[in-house]
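All chains are named by letter (A, B, ...) in the order of the sequence lines, taking the proteins before the strands, and each is independently numbered beginning at 1.
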There are 2 protein chains.
Amino acid sequence: MSKATIYNVALKAGVSLATVSRTLNNPEKVKKETRDRVMNVIEELGYKPNAFAKGLASRRSTSVAVVVPDMSRSSIAEMVNGVAVEAKKYQYSLILYVLKDENRGEAEMLKEVVASQADGILYMNDEINEEQYAMLNTIQEDYKVPIVLANTLYPYDNKLVTVCIDYFKAGYEATNRLVQEGRKNIYMLTTARKYMVNDLKEAGYIKAMKEAGLETNIIRTSGDITVNTVHFNELFKDQGKKIDGVIAVRDSIAVSFINTMIEKGKKIPKDISVFGFQNTKYASLSRPKLSCVDIPIIDIGAKAMALLKKEIDGEHIEQKFNVLHHDIIERGTTIK
Amino acid sequence: MSKATIYNVALKAGVSLATVSRTLNNPEKVKKETRDRVMNVIEELGYKPNAFAKGLASRRSTSVAVVVPDMSRSSIAEMVNGVAVEAKKYQYSLILYVLKDENRGEAEMLKEVVASQADGILYMNDEINEEQYAMLNTIQEDYKVPIVLANTLYPYDNKLVTVCIDYFKAGYEATNRLVQEGRKNIYMLTTARKYMVNDLKEAGYIKAMKEAGLETNIIRTSGDITVNTVHFNELFKDQGKKIDGVIAVRDSIAVSFINTMIEKGKKIPKDISVFGFQNTKYASLSRPKLSCVDIPIIDIGAKAMALLKKEIDGEHIEQKFNVLHHDIIERGTTIK
DNA sequence: GTGAATTAAGGTGGTACCGCGGTTAGTTTA
DNA sequence: TAAACTAACCGCGGTACCACCTTAATTCAC
């Protein structure tokens, strides 16, 4: 009973191929009795339409390509979870492309994505630059493949549908909380690599500092925690460096900073207040628990998938740029 | 320049369809000059063979299905990273199936996997039971779809190719370290849900405890850290409960336990030694840094993919059960 | 008011594709 | 004369359009 084809089903149910196809794709166009009979046979034979044949004939794959930079980043993984749940609603399958250690150009990979016949592309690479954005645009236009950016954005243009939060505002708000606590020497810890979203957090931080008449201090460090721990030790070796507040672009960076400082005898939050970004498990597992910007990352994934589905179905999306709501969570690393 | 077909290429290169097909699939059968000419046109038109047509005609998809329980688990995400890197070598694409919140039976999902025409299945669901194992076997046999289990196993049988580490041994070794420290009241913290690999860690723990003539204490808690923190608080409310050592089946559980205890005034590792499992980022971000069993999770993913590829290519795999090496890492939560 | 004719709509079957791989037999090239 | 290539066709398993057949409802002629 390896593989039942539509032909087997038709034969056994005593109907034509067309009718079987219709019972599956346009059930309302088939009389109930016939439909039931066909469905029974389908059940009996364990028939599932061959995805290739279906794709070839219909020119639709009911699958979307999911492009991610690196699965091991907690935010990416959570987002994929959200995408998966939403995709299931539409019976869409996910084709995964992990860019990590990708040495061929991204262009090559995107061509592959197109060749895979995916009905749409969910682009989650936050390390996006002008060139890539242009490429994505070309693909969307030339190949008519809808693209949605999830938790990433290209702020200088908005031809592509985007789901994100207002990272600028979040950075601004988090910084302001520390300013309101009376902190004067507030640092921003960000990644050495240029992620668009981190640039926005940084811009928000700068704005808040400027408004408060404070001096900005931006430290670019590695996303790798073993590396940045060393870095922090180096940086704050001389106790002369005044620091009483920190905004980190990732929870993990915030936590490794906290650990470094506590080992140096600093009190958190008495001496230094710390804010993270994302509200990952790292934040809950930190001691004290990390205050952070809560980002609805699962919702971003789900919303992005939902919008992509709409685009695929040809619906016009009036709102290209979709901003989801974020929260500021105060826990143990800031003073209420 | 939307979609070039093999026909366009043939026309422009002045050859027949057959020759184009050969250049791509059996290049050695085509004279170099012709081949070069065809390749140039392919490049020029940006031609990529239609995956559906190719799959339909060749009955191979050059894609594998990756079945995971939940992307947000750090071990799963890392493993997928490993799979992705290896898959890229073979130009295989990944179709992702996330079981999380799956309410239809898993049988239904597996049928879908088969219908997707994947050439093979990478099964990473560690919540495997007898029924599922039987189902996987049926699929492998009836549909001739190779299956590899990655970081999960079914210890009562070994028809399916498996890549794992010796969790029994790891549990045994970790427990022994604590015994050698002189710990007497060593608890195992495991998940309430039945994961096969956790059962093995538990069995290893029990063996070591028995050998040392110590009493076993097994606490089943949630994988959700907000829940288990409450649980730990409840359990160890009465200070009468003696406890001086802990083996946790996941790093995250270990860390939340540590946090709970330290808040109660316990010293780690002076009063209680703690061991985790996996060596995730949680372990490095814990304070003190978590001692744990280091599991080569990326390698497991890569190895599983490599074996699957072999199976797909029809090579016989003599070694069905593949055990990768693990390490015991001693850091700050145990006494050297 | 009745039976016949027309129409509409619902249900079903027939079949040309979709783009490629593989085979065969025949043709050209070195 | 072998090697390299062409031409033609089938098959893969579906989809979707179009055409056809029912059946029921409506209109019509008488």
Residue Ser21(A), side-chain heavy atoms: nucleotide from dG14(D), dC20(C), dT15(D) that is nearest: dT15(D)

Classify the ring geometry between Tyr133(B) and Tyr154(B) as parallel (under 30°), tilted (30 to 60°) or perpendicular (over 60°). parallel

Under 3.5 Å, is there a donor-acceptor pair between the side chain of Asn50(B) and the main chain of Phe52(B)? yes

Which whole-number value in Å describes the distance from Ile42(A) CD1 to dG14(D) P? 10 Å

Electrostatic pair Glu127(B):Arg193(B) at N-O distance under 4.0 angstrom: yes

Donor-acceptor pair, side chain of Ser61(B) and main chain of Gln117(B), under 3.5 angstrom: yes

Examine dG19(C): is either OP1 or OP2 under 4.0 Å from a nitrogen or oxygen in the side chain of Tyr47(B)? Give yes or no. no

Please report the C-alpha distance between Lys309(B) and Glu86(B) in whole Å, then the side-chain angles of each, then the deciding distance to 0.1 Å, and finally whether the salt bridge (Lys or Arg N to Asp or Glu O under 4.0 Å) criterion is met. CA-CA 10 Å; Lys309(B) 165 71 173 160; Glu86(B) 188 71 17; over 6 Å; no

d(CD1, Ile6(A); P, dA16(D)) in whole Å: 11 Å

Rounded to whole angstrom units, what separation is found between the CG atom of Asp119(A) and the P atom of dT15(D)? 14 Å

Round to a whole Å and report the spacing from NZ of Lys54(A) to C1' of dT15(D). 10 Å

Mind calculating the distance between CZ (Arg59(B)) and P (dG14(D)) to the nearest angstrom? 12 Å

Whole-Å distance separating the CG atom of Asn26(B) from the C1' atom of dG22(C): 10 Å

Rounding to a whole Å, what distance do you find between Leu56(B):CG and dC18(C):P? 14 Å

Identify all pairs in which a protein N or O lies below 3.5 Å from an N or O of nucleotides 10-13 of chain C, and state each distance.
unit_1  : atom_1 : unit_2   : atom_2 : d
dT12(C) : OP1    : Thr34(A) : OG1    : 2.4
dT12(C) : OP2    : Lys31(A) : N      : 3.1
dT12(C) : OP2    : Thr34(A) : OG1    : 3.4
dT12(C) : O4     : Arg22(A) : NH1    : 3.4
dG13(C) : OP2    : Ser16(A) : N      : 2.9
dG13(C) : OP2    : Ser16(A) : OG     : 3.1
dG13(C) : OP2    : Thr19(A) : OG1    : 2.6
dG13(C) : N7     : Arg22(A) : NH2    : 3.0
dG13(C) : O6     : Arg22(A) : NH1    : 3.1

Short question: side chain of Asn158(A), backbone of Pro155(A) - any donor-acceptor pair under 3.5 Å? no

Whole-Å distance separating the CG atom of Asn50(B) from the P atom of dC20(C): 6 Å

Using only side-chain N and O atoms of Tyr7(B), determine if any of them is under 4.0 Å from OP1 or OP2 of dG21(C). no

Side-chain donor-acceptor pair under 3.5 Å between Tyr47(B) and Glu43(B), yes or no? no

